[in-house]
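Lettering follows sequence order; numbering is per chain, from 1. Values below: every heavy atom of this structure, side chains too, minus hydrogens, waters and symmetry copies.
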Amino acid sequence: MKLAEIIVDVPTMQTDKPYTYMIPKDLENQISVGSRVAVPFGRGARKVQGIIVSIVEKFSLPDNFKLKEISKVMDLNAVLNDELLKLSKWLAQTTYSFRINCIDTMLPSAMHVKYKRVVNLIDDNINDAEILQLFKKSKSIDFDDIDSDKHLVNKLMQLKKNNQVSLEYLVNDKAISKKELFIEKNITDEQIKDIIPKLRKNSTNQLRLLKVLLDEKSLNIKQTELTKKYKISNSTINTAIKNQWITKKQVEIYRNPYKRPVTRNYPLKLNDDQFVAVNTVAKSVKKHENKVFLLEGVTGSGKTEVYLQTIQKALVDGRNALMLVPEISLTPQIVNRVKGRFGELVAVLHSGLSKGERYDEWRRIHEGKAQVVVGARSAIFAPLQNIGVIIMDEEHDPSYKQDDNPRYQTREVAKWRAKYNNCPVILGSATPSLESRARASKHVYDLIKLPHRINNQKLPAVSIVDMREELANSGQEDFSAPLINAIKQRILNNEQVVLMLNRRGFSSFVMCRDCGFVLKCPNCDISLTLHMDTFSMKCHYCGHEEAIPKICANCRSRKIRYYGTGTQKAQKELLKLIPEAKVLRMDVDTTRKKGAHEKLLRRFGNHEANILLGTQMIAKGLDFPDVTLVGVLNADTSLDLPDFRASERTFQLLTQVSGRAGRAEKSGQVYIQTFNPDNYAIQLAKSQNYEQFYVKEMGIRHSMNYPPYYFTIKITANGNQEQQVASKILEISRYLKARLNSNAIFLGPSPSSIAKIKNQYYYQIIIKYKNEPKMHECLEFILNYYQKDAQKGLYVNIDSEPLSFM
DNA sequence: AGCACGCCGACT
DNA sequence: GTCGGCGTGCTC
């Protein structure tokens, strides 16, 4: 008897292990390791989904243990291969999360099953009026419809005990592939030619249909094509089916997320630096060498071309390629370039696709129909086999770290897969993360530099505008005189401007001038932001929305003022200062709709506006030849965050956004407005000297005991009872302090910097450490120990190498 | 998660 | 006495 070890879809600490099931004889050849199945789980008739992680002959349970059988198979083919199963195990261990959650992250969301509980009536002779009413229409009802009615549930449970009703569990697969009706020819062209003369004179429609069939070379024709293009009615088709000339057939088709045709592009001539880069990596690809390359190239140095030609080399060697970009929907330009280069071989995975589209792209990869995968963070789990190279563009980007379970860093997963596939990884960036750059210094990674812009284009000239002076001189705090003049100049020249303001909405908060009262979200510990388009106050954390106050809720004063500038207010002010400006605003609020992002960028590319004003989402990857001016309205927003990576973030952001200027023939100019003109991150962004920034910042990290000199762990507790949360985190802190080395540094326990989100209180500890062999074991103990509290709504989360300490 | 079991208080 | 509230423990 063959047995299957199965991870069940019940994400708790206690069930985070394989369970053994018997494989029924009739399912034996439909099942393999990596298959999704439905299994009975628990005492009742409950069924859950599971993934087979291994098939064994014997098991280690007591001899008299009665095993259950697998109920049904969900897929014909395994959904996870050996590599991804192993990866899920490693991921669960290193991110302190449940294996089933890791598996879920790897699969497209369309594969997450829906559970349905159904109550079936067995005994017709029930004379309870309420029950009769319930089953009046149908013999089975959806349990969820009556779940909230305690009285009814109890009654039904009683009936269940007497075998008068039964509870049935359905595991429904949502992963429905898209099908289209096709008409298939059943007869040859010769037969058609025979039939035509024998047709009755009045069967004109049949004659038309047959002629179409003769004209169409392929055996299958879309039914919609027959009806729309050839105006052949459904009844005509049905008659032909009766005559057995054709048959209807459902054919699975792939949804194509990129309906817009992409223009074909061809390899560009490489400059010397690029040539060396491509060849160095290609050598590793060929030798199946597991190496990590850090490609440090200034903005505009042609990194994308290096990626594309490296992928080309991998394909020539018969291997596949995986390319990751940050939040891909933000950079349609890159996707189009890859699609334009490799055409049908490319599959794209990102959050901008619908569930169905994602599922189809995933299946194309799974079935080996795609050889190049481009995608955002989760695309690192694409079921691509025989990977020859993994590329991570903008490797420093914070979106590569997932901020809920499993809290993985894509870079680490990429390295794991590269090792499994014996292939190199390219980490590319103009401003590498300090972690990566430090590893390159220690020769853990191979450093490749692209120090020049392509065509020897000069880097844009960067000027810093001291806003303290501007404020004192003119009272202007959002737009300085030099920036306004420069913008006017570009508009006259018919050139374009990119303005970045890292704050959406209208004002950042609303304060009463009499008593200092700031309106806060009732669910979160955060002030509400004013939005002028909806005339409301919004919470950016939970989405809470309320009316704009006219009088102070605290002191009834009418002196309410708006502080801080968001993109909405900036747009309004800009139009006041430069009435002839045509401004496109790009932030979360204007890009929420699917495809809105791409549309905005296309409009900008078509010169429908001369100014693109947006939050940091405009800093990434935009490449418009007529943009010659970039303005950063307030460089301090990211600098003032109480986080040790604030300088790094600011430097990266400023460098990236500066790189948007002067990418073609025209040279670029950048203005950075700041209240901290002497800050080193801003000064070094001005000179665009990454290496110097790296050295300076490393010095600070060293003296302050921060990464990459120390490892870090963040432990968070949350729940709706603040007291409980606080005492829990204190307990955890004491437990760890007693067990770790004395040189481990504890920050906290303390309330998280946003201490309350959606009515949940958050407390945290951060631990900085160098070498803690016991750490992993201790943390596993904590998770195990506190899982009992999860039922009471008290949760403990562990984030290994958190991006932020906030 | 979701279900059963078991222990306690408040109802016909 | 028993119904139903919730705390606890287990699921191959």
Side-chain angles (χ1 to χ4, degrees), chain A residues 1-24 27-28 31 33 35-74 92 97-104 112-120 128 130-131 142-163 165-172 404-405 719-721 724 783-797:
Chain A
M1 175 57 94
K2 285 208 169 155
L3 305 170
E5 304 261 83
I6 294 173
I7 298 282
V8 292
D9 180 22
V10 182
T12 67
M13 200 70 213
Q14 301 104 300
T15 52
D16 189 31
K17 60 175 183 196
Y19 286 84
T20 314
Y21 285 85
M22 292 194 284
I23 304 174
L27 295 183
E28 224 166 54
I31 279 180
V33 173
S35 292
R36 282 189 313 154
V37 291
V39 292
F41 193 68
R43 286 182 243 222
R46 184 184 177 202
K47 277 191 189 127
V48 296
Q49 191 190 42
I51 290 265
I52 301 184
V53 290
S54 62
I55 289 178
V56 292
E57 300 278 341
K58 3 177 216 229
F59 64 109
S60 53
L61 288 162
D63 288 347
N64 55 354
F65 195 94
K66 225 166 152 6
L67 286 174
K68 291 181 180 174
E69 278 193 350
I70 292 172
S71 313
K72 83 172 180 192
V73 188
M74 316 283 290
S97 49
F98 308 131
R99 184 117 183 245
I100 190 66
N101 284 347
C102 296
I103 289 172
D104 270 353
H112 299 176
V113 285
K114 260 210 166 100
Y115 296 106
K116 209 174 151 182
R117 289 175 295 175
V118 175
V119 189
N120 295 315
D128 185 310
E130 208 177 355
I131 299 295
D142 193 333
F143 188 82
D144 289 340
D145 294 346
I146 52 128
D147 200 6
S148 51
D149 188 337
K150 285 271 150 59
H151 169 71
L152 248 181
V153 170
N154 276 328
K155 232 178 201 177
L156 284 169
M157 286 304 146
Q158 204 57 50
L159 290 169
K160 196 186 133 204
K161 275 198 182 131
N162 299 337
N163 255 330
V165 299
S166 69
L167 202 52
E168 191 186 0
Y169 292 75
L170 304 174
V171 181
N172 287 329
D404 47 42
N405 283 323
N720 50 17
Q721 308 285 112
Q724 283 182 10
L783 285 179
N784 262 311
Y785 184 77
Y786 288 106
Q787 41 104 350
K788 63 177 164 52
D789 293 322
Q791 289 162 331
K792 294 180 210 148
L794 195 61
Y795 303 94
V796 176
N797 262 299

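Using a 4.0 Å heavy-atom cutoff across all strands shown, A:Q14 reaches at least one base atom of the nucleic acid. Using a 4.0 Å heavy-atom distance criterion, A:F41 is classed as a base contact. Within 4.0 Å of A:Y169, counting heavy atoms only, lie sugar-phosphate atoms of the nucleic acid but no base atom. Within the nucleic acid shown, A:P18 has no heavy atom closer than 4.0 Å to any nucleic acid atom.
Distance CZ (A:R46) to C1' (B:dA1): 5 Å, rounded to an integer number of Å. What separates NZ of A:K47 from C1' of B:dA1 is a distance of 17 Å, to the nearest Å. Spacing between atom CG of A:D9 and atom C1' of C:dC12 amounts to 16 Å, rounded to whole angstrom units. The nearest whole Å value for the distance from the NZ atom in A:K114 to the C1' atom in B:dA1 is 17 Å. The interatomic distance linking A:K68 (NZ) with C:dT11 (P) rounds to 9 Å, in whole Å. Going from atom CG of A:N405 over to atom P of B:dA1 covers 13 Å, rounded to whole Å. The CZ atom of A:F65 sits 8 Å away from the C1' atom of C:dT11 (whole-angstrom rounding). For the pair A:I52 CD1 and C:dC12 C1', the interatomic distance rounds to 13 Å; values are reported in whole Å.
Among the nucleotides C:dC12, B:dG2, B:dA1, the one closest to the side chain of A:Y21 is C:dC12.
Taking side-chain N and O atoms only, A:R43 has no distance below 4.0 Å to OP1 or OP2 of B:dC5. Side-chain nitrogen and oxygen atoms of A:Y115 include none within less than 4.0 Å of the OP1 or OP2 phosphate oxygen of B:dG2. Of the side-chain N and O atoms in A:Y19, none sit less than 4.0 angstrom from OP1 or OP2 of C:dT11.
Between A:F65 and A:T20 there is no side-chain heavy-atom pair separated by less than 4.5 Å.
For A:K68, the NZ atom is densely surrounded, since the number of other residues' heavy atoms within 6.0 Å is greater than 12.
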